[in-house]
Undergrad: 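I'd like to ask some things about the structure below.
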Amino acid sequence: MYSTSPGAIGIFDSGYGGLTILNEIRKTLPDYDYIYLGDNARTPYGTRSFDVVYEFTLQAVRKLFERGCQLVILACNTASAKALRSIQQNDLPKLDAARRVLGVVIPTVEALGEISRGGNIGVLGTPGTISSGTYDIEIAKFFPRFRTVSEACPMWVPLIENGEYDKPGADYFVRKNVEELFAQEPDIDTIILGCTHYPLMLPKISEAVAGRAEIVCQGPLVAKSLASYLERHPDMAARCTRGGNVEYLTTENPDRFAAAAANFVEGPVKATRIELA
Ligand code: DGL
């Protein structure tokens, strides 16, 4: 049985990508405490099977629960697409029915009505997210008239995790996948970066898109949605501590994590290594 004491908000991703979500959440909700967990030792998740992504994600959620988090955000589209529903429906009732796990896909899709002018949506994501069809399904539910095309970008997360996101080698893969997306539908007006790692390559993606469509980063949308969730659920807000602190956990070398994360987040990063099982 987990503790009922208030705890930090848990933010989970397979690696560094969730930091793009954490940054925006902290801008919107600076008073709360956060624990960021990156499973850097086992990234990328995007090429793994449903079963494995579910197993790894559940391990991460359990770890964050053990650390006292009453609310966990899966700041990873692959985990949101492949594991969130099972965790919410099957695992949470057994683990602790009062705790909550939320994802990043629905807050992104919900916002499209205000963003897209023509309803022609392009989604870029990991092979796992794209093959799950989650975006196509959710967009069709919320906006039946919208059309969605999507493209898997298998090389983008490895480029980012290996610090190549701003190097010339990344240009080839960014241009290739963006052109493959437009080849499916030249009239796309809105492109969702459906992987939380991708905003780290935004300058290159913007260059490749060259003004043909609006590019949507999820961070501000997830932050707004979380703020609204906490307002609508004061009981949960009261179970999240407020001190403005962030703790970083990684399954890889903590110094390596801290050095890489320092490029993406403001303020000092001191990481602790943990094991997931
Ligand atoms: N940031 C994760 C996402 O949003 C990347 C998944 C991966 O590790 O491939 O999908």
Side-chain angles (χ1 to χ4, degrees), residues 1-40 56-80 83-85 87-88 91-92 95-108 110-111 196-197 199 217-251 257-258 261 264-272 274 276:
M1 197 52 196
Y2 297 111
S3 155
T4 53
S5 308
I9 297 174
I11 311 277
F12 167 68
D13 182 48
S14 62
Y16 300 116
L19 295 172
T20 65
I21 302 288
L22 175 67
N23 281 345
E24 296 298 331
I25 289 178
R26 287 181 70 199
K27 277 189 211 157
T28 305
L29 299 165
D31 296 340
Y32 287 93
D33 294 321
Y34 300 95
I35 299 181
Y36 184 87
L37 168 54
D39 191 6
N40 301 78
F56 287 1
T57 306
L58 183 57
Q59 290 170 358
V61 167
R62 279 210 198 99
K63 178 63 74 182
L64 288 166
F65 281 2
E66 276 165 28
R67 298 254 166 173
C69 302
Q70 305 283 334
L71 175 62
V72 170
I73 312 294
L74 301 185
C76 173
N77 290 265
T78 311
S80 300
L84 179 61
R85 185 159 301 189
I87 290 175
Q88 286 174 332
D91 298 296
L92 261 187
L95 291 171
D96 184 342
R99 298 197 185 201
R100 290 289 174 268
V101 181
L102 306 174
V104 289
V105 173
I106 299 296
T108 308
E110 274 174 347
T196 57
H197 280 67
C217 294
Q218 299 178 289
L221 309 180
V222 174
K224 197 172 157 202
S225 170
L226 177 60
S228 148
Y229 176 85
L230 291 169
E231 242 178 72
R232 286 180 286 112
H233 297 87
D235 51 323
M236 178 52 83
R239 297 167 65 205
C240 299
T241 54
R242 297 177 193 223
N245 301 308
V246 190
E247 188 184 350
Y248 296 93
L249 307 176
T250 175
T251 53
F257 179 93
F264 315 140
V265 296
E266 277 178 29
V269 177
K270 193 177 172 308
T272 307
I274 50 121
L276 292 178

Undergrad: Could you grab the distance from atom OG1 of T196 to atom CG of L74, nearest 0.5 Å is fine?
TA: 10.5 Å
Undergrad: Report yes if some heavy atom in the side chain of R67 is under 4.5 Å from a heavy atom in the side chain of L249; otherwise report no.
TA: yes
Undergrad: State which residues pass side-chain contact (heavy atoms from CB on, under 4.5 Å) with T78; sequence neighbours excluded, sorted by chain then number.
TA: Y45, V53, C76, K82, T126, T129
Undergrad: Do Y229 and L71 touch side chain to side chain, with heavy atoms closer than 4.5 Å?
TA: yes
Undergrad: Over all heavy atoms of both residues, which pair between N23 and F264 is shortest? Give the atoms and the distance, please.
TA: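 Heavy-atom minimum between the residues: ND2-O, 2.7 Å.
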Undergrad: Are V61 and F12 side-chain neighbours, meaning at least one heavy-atom pair lies under 4.5 Å?
TA: no
Undergrad: At their closest point, which heavy atom of T108 faces which heavy atom of V104, and how far apart are they?
TA: OG1-O, 2.6 Å
Undergrad: Using the side-chain contact (heavy atoms from CB on, under 4.5 Å) definition, which of the options I9, T272, L64 pairs with I35?
TA: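 One option only clears the test, and that one is L64.
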Undergrad: Contact between L95 and L58 at the side-chain level, heavy atoms closer than 4.5 Å - yes or no?
TA: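 They are in side-chain contact.
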Undergrad: Go through it in stages, so that I can follow the logic: the residues are H197 and T20, the test is side-chain contact (heavy atoms from CB on, under 4.5 Å), and I'd like the CA-CA distance, side-chain angles, deciding distance and then a yes or no.
TA: CA-CA 7 Å; H197 280 67; T20 65; over 6 Å; no
Undergrad: Can you tell me which residue among T241, V246, N245 is in a side-chain contact (heavy atoms from CB on, under 4.5 Å) with Y34?
TA: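 Checked T241, V246, N245 against Y34; only one passes side-chain contact (heavy atoms from CB on, under 4.5 Å): V246.
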Undergrad: If you take all heavy atoms of Y36 and G15, which pair is closest and at what distance?
TA: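 The answer is OH-O, 2.6 Å.
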Undergrad: Please find the pair of heavy atoms, one from L92 and one from Q88, that lie closest to each other, and give the distance.
TA: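 Smallest interatomic distance, heavy atoms only, reads CB-O, 3.7 Å.
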Undergrad: Kindly compute the distance separating CG (D235) from CG (L230), expressed to the nearest 0.5 Å.
TA: 10.0 Å
Undergrad: Take N77 and Q218 through the test side-chain hydrogen bond (donor to acceptor under 3.5 Å, both in side chains) and record every step on the way to the result.
TA: CA-CA 10 Å; N77 290 265; Q218 299 178 289; 2.8 Å; yes
Undergrad: Do R26 and E266 sit within salt-bridge range, that is, some charged N less than 4.0 Å from a carboxylate O?
TA: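 A salt bridge is absent here (no side-chain N lies under 4.0 Å from a carboxylate O).
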Undergrad: Do the side chain of R239 and the main chain of T4 share a donor and acceptor less than 3.5 angstrom apart?
TA: no
Undergrad: Taking all non-hydrogen atoms of both residues into account, name the closest pair between P268 and Y248 and its distance.
TA: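 Closest heavy-atom pair between P268 and Y248: O-CE1, 4.4 Å.
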Undergrad: Say you draw a straight line from CZ of R242 to CG of L29; how long is it, rounded to the nearest 0.5 Å?
TA: 8.5 Å
Undergrad: Which value, rounded to the nearest 0.5 Å, describes the distance between Q70 atom CD and S3 atom OG?
TA: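 Answer rounded to 0.5 Å: 6.5 Å.
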Undergrad: How long is the straight-line distance from CD1 of I274 back to OG1 of T250, given to the nearest 0.5 Å?
TA: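 Output value for this atom pair is 7.5 Å.
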Undergrad: Apply side-chain contact (heavy atoms from CB on, under 4.5 Å) to residues L276 and D39 and explain how you reach the verdict.
TA: CA-CA 8 Å; L276 292 178; D39 191 6; 3.9 Å; yes
Undergrad: Of I11, V269, V265, which is the lone residue that meets side-chain contact (heavy atoms from CB on, under 4.5 Å) with L19?
TA: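 Running side-chain contact (heavy atoms from CB on, under 4.5 Å) over I11, V269, V265 with L19 returns exactly one hit, V265.
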Undergrad: What is the minimum heavy-atom distance between N40 and T251, and which atoms define it?
TA: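 Minimum heavy-atom contact is N-OG1, 3.2 Å.
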Undergrad: Would you mind writing out the side-chain donor-acceptor pairs for residues 219-228 within the sub-3.5 Å range, not counting sequence neighbours?
TA:
from, atom 1, to, atom 2, distance (Å)
S228, OG, R232, NE, 3.1
S228, OG, R232, NH2, 3.3

Undergrad: Take V101 and T57 through the test side-chain contact (heavy atoms from CB on, under 4.5 Å) and record every step on the way to the result.
TA: CA-CA 11 Å; V101 181; T57 306; over 6 Å; no
